[in-house]
K.L.:
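Quick one: the structure is below, questions incoming.
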Amino acid sequence: MSTSLGSLLQEKKMTLLVSLPENNVELAKAAIRSGVDAVKMHVNVDHRASGNRFEPVEAYKEVFRTIRSEFRGPLGIVPGDSIEKIKRTEMEQLIDLGFNFYSIYAHHKLSWMFELDNMDKTFAITSDYSAAGLGKVKHFGASGIEASIIPGEEYGTPLSFKDVLTYQSIVENVDVPVLVPSQRKLAPSDIPLLHKAGIKAVMLGAIVIGDTEERIEKAIASFRNAIDSL
């Protein structure tokens, strides 16, 4: 039985996730070797940060099976970047392949997705959402919120204290753990400040980890050390 993301978010000081820039076995192995707690991948997505286009589930079934066999931690999926691309049949396939959490923008999330058994359910918000207007979401079955609040034109710029205050405001207004994706070019030195703001997880993506095994290992190891030093 693989570990659940929900339990890690509740139990650990801070959880370290990787959002892989492509669905690739060797890149996943590099992340796993470096001590990542959870791995997230994509299907049916045109991904802005990595510049990659992700195909439907059928294109990656063997890749997903291999990665699941290598990793007992939480394995997550972004199942699409629009409501039209989200398919119940594909979600059932992903569960069969061993995925046990999903992340999707709230404005792409359909009601039947709340009913999926054996999957932790996280959702993402953008800068269009009001932190004060979020309120309680745990009773919907949400395991966490991904604070994807940085405008696209600002991707890859350094984290500012203003960002941290905004993240803290989200933390104070919701009743589930808050995850921060690396839309900013996060650095290991940002970890103590994010921890003080109440952030329960960081998710490193293409902007921080690049797209090679060497860069992924180096980046994840440096964040692993920073988190373990909290």
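Keep in mind that the numbers below use all heavy atoms, side chains included, and drop hydrogens, waters and symmetry copies. If you read the sequence from its start, that first residue is 1, and numbering goes on from there.
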K.L.:
Check Leu16 against Val36 and note the closest heavy-atom contact, atom names and distance.
P.N.:
O-CG2, 3.3 Å
K.L.:
Closer than 3.5 angstrom, by distance alone: can the side chain of Arg224 be matched with the main-chain N or O of Ile227 as a donor-acceptor pair?
P.N.:
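Looks like no, no N/O pair under 3.5 Å.
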K.L.:
OG of Ser182 to CG of Leu17: how many Å apart, nearest 0.5 Å?
P.N.:
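Answer rounded to 0.5 Å: 10.5 Å.
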K.L.:
State plainly whether one hydrophobic cluster holds both Val63 and Val78, where clusters connect Ile, Leu, Val, Met, Phe, Trp and Tyr through side-chain heavy atoms under 4.5 angstrom apart.
P.N.:
yes
K.L.:
Ignoring hydrogens, what is the shortest heavy-atom contact between Lys185 and Asp190? Give both atom names and the distance.
P.N.:
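So the two residues come closest at O-OD2, 4.4 Å.
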K.L.:
Looking at every non-hydrogen atom in both residues, tell me the closest pair between Met113 and Pro79 and how far apart they are.
P.N.:
CE-CG, 4.1 Å
K.L.:
Does the side chain of Met41 reach to within under 4.5 Å of the side chain of Leu75, using non-hydrogen atoms?
P.N.:
yes
K.L.:
Does Asn173 reach the main-chain N or O of Leu134 with its side chain, forming a donor-acceptor pair under 3.5 Å?
P.N.:
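No; zero donor-acceptor contacts below 3.5 Å.
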K.L.:
Report yes if the side chains of Gln93 and Lys87 come closer than 4.5 Å at any heavy-atom pair, otherwise no.
P.N.:
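Of all side-chain heavy-atom pairs linking Lys87 with Gln93, none is under 4.5 Å.
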K.L.:
Any chain of hydrophobic side-chain contacts (each under 4.5 Å) joining Leu5 to Phe71?
P.N.:
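No, it is not one cluster - the side chains of Leu5 and Phe71 are not joined through contacts under 4.5 Å.
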K.L.:
When you measure from the side chain of Gln183 to the backbone of Ile149, do you find a donor-acceptor pair of N or O atoms at a distance under 3.5 Å?
P.N.:
yes
K.L.:
Testing the basics here: between Leu204 and Ala219, what is the closest heavy-atom pair and its distance to 0.1 Å?
P.N.:
CD1-O, 4.4 Å
K.L.:
Quick check: closest heavy atoms across Met14 and Val202, and the distance to 0.1 Å?
P.N.:
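Heavy atoms of Met14 and Val202 come nearest at SD-CG1, 4.2 Å.
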K.L.:
Can a salt bridge be assigned to the pair Glu213 and Arg33 using a cut-off of 4.0 Å between side-chain N and carboxylate O?
P.N.:
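Yes, Glu213 and Arg33 are salt-bridged.
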K.L.:
More than 12 foreign heavy atoms under 6.0 Å from CZ of Phe114: is that the case here?
P.N.:
yes
K.L.:
Measure the spacing between CD1 of Ile86 and CG of Asn44 and express it to the nearest 0.5 Å.
P.N.:
7.0 Å
K.L.:
Check whether the side chains of Thr166 and Asp163 place a donor and an acceptor atom closer than 3.5 Å, and report yes or no.
P.N.:
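Their side chains do not contain a donor-acceptor pair, so the 3.5 Å distance test is not met.
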K.L.:
If we ignore hydrogens and angles and just use 3.5 Å, is the side chain of Asn23 paired with the main-chain N or O of His42 as donor and acceptor?
P.N.:
yes
K.L.:
Do Phe101 and Leu8 come within less than 4.5 Å of each other through their side chains, counting heavy atoms only?
P.N.:
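Not in contact.
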K.L.:
With the 4.5 Å side-chain cut-off for hydrophobic clustering, are Val171 and Val137 part of the same group?
P.N.:
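Yes, because Val171 and Val137 connect within a single hydrophobic cluster, where side-chain heavy atoms sit under 4.5 Å apart.
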K.L.:
I'd like to know if the side chain of Lys12 reaches the main chain of Ser7, judged simply by a donor and an acceptor atom lying under 3.5 Å from each other, with no hydrogens or angles considered.
P.N.:
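Not at all, since once roles are kept as given, no pair shorter than 3.5 Å links the two residues.
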K.L.:
If we ignore hydrogens and angles and just use 3.5 Å, is the side chain of Asn100 paired with the main-chain N or O of Asn118 as donor and acceptor?
P.N.:
no
K.L.:
When hydrophobic residues are tied together by side-chain contacts of less than 4.5 Å, even through go-betweens, does Ile209 share a cluster with Leu27?
P.N.:
yes
K.L.:
Scan side-chain atoms only and decide if Thr212 and Glu214 contain a donor-acceptor pair under the 3.5 Å cut-off.
P.N.:
no
K.L.:
So Asn225 and Pro188, do their side chains get closer than 4.5 Å, heavy atoms only?
P.N.:
no
K.L.:
Atom CG in Leu165, atom CD in Glu172: separation rounded to 0.5 Å?
P.N.:
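Here the interatomic distance stands at 9.5 Å.
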K.L.:
Should Tyr105 and Val45 be regarded as members of a common hydrophobic cluster, given that ILVMFWY residues are connected when their side-chain heavy atoms come within less than 4.5 Å of each other, either directly or indirectly?
P.N.:
no
K.L.:
Test your reading of the model: is there a side-chain donor-acceptor pair from Lys121 to the backbone of Leu116, 3.5 Å cut-off?
P.N.:
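Checking the backbone N and O of Leu116 against the side chain of Lys121, a donor-acceptor pair under 3.5 Å is found.
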K.L.:
Distance check, rounded to the nearest 0.5 Å: Leu179 atom CG versus Phe123 atom CZ?
P.N.:
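It is 11.0 Å, given to the nearest 0.5 Å.
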K.L.:
Are the side chains of Tyr167 and Leu159 in touch, meaning some heavy atoms are under 4.5 Å apart?
P.N.:
yes
K.L.:
Got a second to check how far Ile104's CD1 is from Ser82's OG, nearest 0.5 Å?
P.N.:
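The distance works out to 8.5 Å.
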K.L.:
Given the rule in the side-chain contact (heavy atoms from CB on, under 4.5 Å) test, do Phe64 and Ile77 qualify, once you have shown the distances and angles that lead to the verdict?
P.N.:
CA-CA 10 Å; Phe64 292 158; Ile77 195 74; 4.2 Å; yes
K.L.:
Identify the heavy atoms of Glu90 and Lys85 that sit nearest to each other, and give their distance.
P.N.:
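Heavy-atom minimum between the residues: OE1-O, 4.5 Å.
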K.L.:
Under 4.5 Å between any side-chain heavy atoms of Phe223 and Leu186, yes or no?
P.N.:
yes
K.L.:
Report yes if some heavy atom in the side chain of Arg184 is under 4.5 Å from a heavy atom in the side chain of Glu154; otherwise report no.
P.N.:
yes
K.L.:
Backbone N or O of Glu55 within a donor-acceptor pair of the Tyr60 side chain at under 3.5 Å?
P.N.:
yes
K.L.:
Does Asn24 reach the side chain of Leu20, with side-chain heavy atoms less than 4.5 Å apart?
P.N.:
no
K.L.:
Under 3.5 Å, is there a donor-acceptor pair between the side chain of Asp81 and the main chain of Asp46?
P.N.:
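Such a contact is found between Asp81 side chain and Asp46 backbone.
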K.L.:
Once rounded to the nearest 0.5 Å, what's the spacing between atom CD1 of Ile220 and atom CZ of Arg215?
P.N.:
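Going from CD1 on Ile220 over to CZ on Arg215, the span is 12.0 Å.
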K.L.:
Taking Ser143's backbone N and O only, do any of them form a donor-acceptor pair with Asp120's side chain (distance below 3.5 Å, no angle check)?
P.N.:
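Side chain of Asp120 to backbone of Ser143: no pair is present.
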K.L.:
May I ask you to decide if the ring planes of Tyr129 and His107 are parallel, tilted or perpendicular, using 30° and 60° as cut-offs?
P.N.:
tilted
